[in-house]
Asks: 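Okay, here's the structure, questions in a sec.
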Amino acid sequence: MRDGLLDPRAVLLHESAADRDAAIRRCGQALVDVGAVAPSYVEAMLERERTISTYVGEGVAIPHGTAASKEDVKRDAICVVRFPGGVDWDGEPVTLCVGIAAAGDGHVPLLAALADILLDPDRARTLREATEVSQVIKELS
């Protein structure tokens, strides 16, 4: 995965959320906090989720904004937010959210790289069970 996409400050491993929308807001706020997106991007992430679920299986969701929200993206970035207690995602338990912010078509290679990682059961488990930021950085680099 491209260098500079994952700011260590956007790796949050001990979060909790009451529901899917709260989990998405937490991901969006992580992207806002590292200066990757404008605050309005968070609403676009929620809008995307109402249109199509970003749950990808294996306890992982990849929330991201709508095509119209690209102007809210200041730079391509991802965040990794772990919810050890799990979050109900339309009936599926999610423990790991990888939020994406991408301008242009930047999200396509990002999604492909994430899919490679998440389709490998050992690498996906490592991410879901990570307790140290360094583990996440290593797995995604």
Side-chain angles (χ1 to χ4, degrees), residues 1-104 106-141:
M1 198 168 286
R2 218 168 71 228
D3 283 348
L5 283 176
L6 181 59
D7 184 315
R9 297 171 302 158
V11 178
L12 308 169
L13 301 177
H14 308 286
E15 300 297 306
S16 61
D19 57 26
R20 180 196 74 190
D21 286 3
I24 292 169
R25 280 191 189 92
R26 188 66 196 97
C27 285
Q29 190 59 50
L31 292 168
V32 170
D33 291 346
V34 297
V37 300
S40 51
Y41 188 76
V42 180
E43 280 309 310
M45 292 173 81
L46 290 164
E47 185 182 326
R48 158 75 64 196
E49 195 66 40
R50 286 190 287 272
T51 307
I52 186 166
S53 178
T54 58
Y55 177 73
V56 294
E58 297 298 318
V60 179
I62 305 178
H64 53 284
T66 60
S69 67
K70 294 201 181 299
E71 66 219 23
D72 297 328
V73 176
K74 299 174 184 176
R75 64 176 173 83
D76 290 1
I78 65 170
C79 66
V80 176
V81 183
R82 194 170 150 262
F83 300 96
V87 176
D88 178 352
W89 208 279
D90 300 324
E92 298 290 347
V94 166
T95 53
L96 186 73
C97 284
V98 180
I100 296 179
H107 66 291
V108 176
L110 261 177
L111 286 169
L114 279 172
D116 284 345
I117 293 164
L118 298 172
L119 289 172
D120 178 324
D122 293 331
R123 293 178 79 188
R125 184 179 321 104
T126 298
L127 284 176
R128 280 196 313 271
E129 297 174 1
T131 55
E132 299 293 327
V133 171
S134 59
Q135 290 172 287
V136 174
I137 303 283
K138 178 177 173 242
E139 202 57 51
L140 293 178
S141 57

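Because the structure is predicted, anything quoted here is derived from the model rather than measured.
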Asks: Holding to side-chain contact (heavy atoms from CB on, under 4.5 Å), I want the full list of residues that pass it with E47, two or more places apart in sequence or in another chain.
Replies: R50, T66
Asks: Donor-acceptor check, side chain of H64 to backbone of I62, threshold 3.5 angstrom: yes or no?
Replies: yes
Asks: Considering all heavy atoms of both residues, which atom of C97 and which atom of F83 are nearest to each other, and what is their separation?
Replies: SG-CE1, 3.8 Å
Asks: Using a 3.5 Å cut-off and no angle test, enumerate the donor-acceptor pairs between side-chain atoms of residues 23-40 and protein atoms at least two apart in sequence or in another chain.
Replies:
{"unit_1": "R26", "atom_1": "NE", "unit_2": "E15", "atom_2": "OE1", "d": "2.9"}
{"unit_1": "Q29", "atom_1": "NE2", "unit_2": "D33", "atom_2": "OD1", "d": "2.7"}
{"unit_1": "S40", "atom_1": "OG", "unit_2": "D72", "atom_2": "OD1", "d": "3.0"}
{"unit_1": "S40", "atom_1": "OG", "unit_2": "D72", "atom_2": "OD2", "d": "3.2"}

Asks: Report yes or no: does R128 contribute a side-chain atom to a donor-acceptor pair with the main-chain N or O of R123 at less than 3.5 Å?
Replies: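 Checking the backbone N and O of R123 against the side chain of R128, no donor-acceptor pair under 3.5 Å is found.
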Asks: For the CD1 atom of I137 and the CG atom of L6, what is their distance to the nearest 0.5 Å?
Replies: 4.0 Å
Asks: For Q135, enumerate each residue passing the side-chain contact (heavy atoms from CB on, under 4.5 Å) test, keeping only those at least two apart in sequence or located in another chain.
Replies: A130, T131, E132
Asks: Does a side-chain heavy-atom distance below 4.5 Å link I100 with L114?
Replies: yes
Asks: Please report the interatomic distance OG1(T126) to CG(D122), rounded to the nearest 0.5 Å.
Replies: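 CG of D122 is found 6.5 Å from OG1 of T126.
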Asks: Are I117 and L127 packed together at the side-chain level, in the sense that at least one heavy-atom pair is separated by less than 4.5 angstrom?
Replies: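 Side-chain contact under 4.5 Å: yes.
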Asks: Step by step, work out the side-chain contact (heavy atoms from CB on, under 4.5 Å) result for V136 and L13.
Replies: CA-CA 9 Å; V136 174; L13 301 177; 3.8 Å; yes
Asks: For a 4.5 angstrom cut-off between non-hydrogen side-chain atoms, does R48 reach T54?
Replies: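 Heavy-atom side-chain distance check passes, below 4.5 Å.
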Asks: Residues two or more places apart in sequence or in another chain: which of them pass side-chain contact (heavy atoms from CB on, under 4.5 Å) with D19?
Replies: D21, A22
Asks: Can you list the residues that meet the side-chain hydrogen bond (donor to acceptor under 3.5 Å, both in side chains) rule with R75, with sequence neighbours excluded?
Replies: none
Asks: Got V98 and L140 here, is their nearest side-chain heavy-atom distance under 4.5 Å?
Replies: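 Result no, sub-4.5 Å side-chain heavy-atom pair not found.
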Asks: Would you give me the side-chain donor-acceptor pairs under 3.5 Å for residues 84-95, sequence neighbours excluded?
Replies:
{"unit_1": "D88", "atom_1": "OD1", "unit_2": "D90", "atom_2": "N", "d": "3.4"}
{"unit_1": "D88", "atom_1": "OD1", "unit_2": "G91", "atom_2": "N", "d": "2.6"}
{"unit_1": "W89", "atom_1": "NE1", "unit_2": "E49", "atom_2": "OE2", "d": "3.0"}
{"unit_1": "D90", "atom_1": "OD1", "unit_2": "R20", "atom_2": "NH1", "d": "3.1"}
{"unit_1": "D90", "atom_1": "OD2", "unit_2": "R20", "atom_2": "NH1", "d": "3.2"}

Asks: Search all heavy atoms of S69 against all heavy atoms of Y41 and return the closest pair with its distance.
Replies: OG-CE1, 3.3 Å
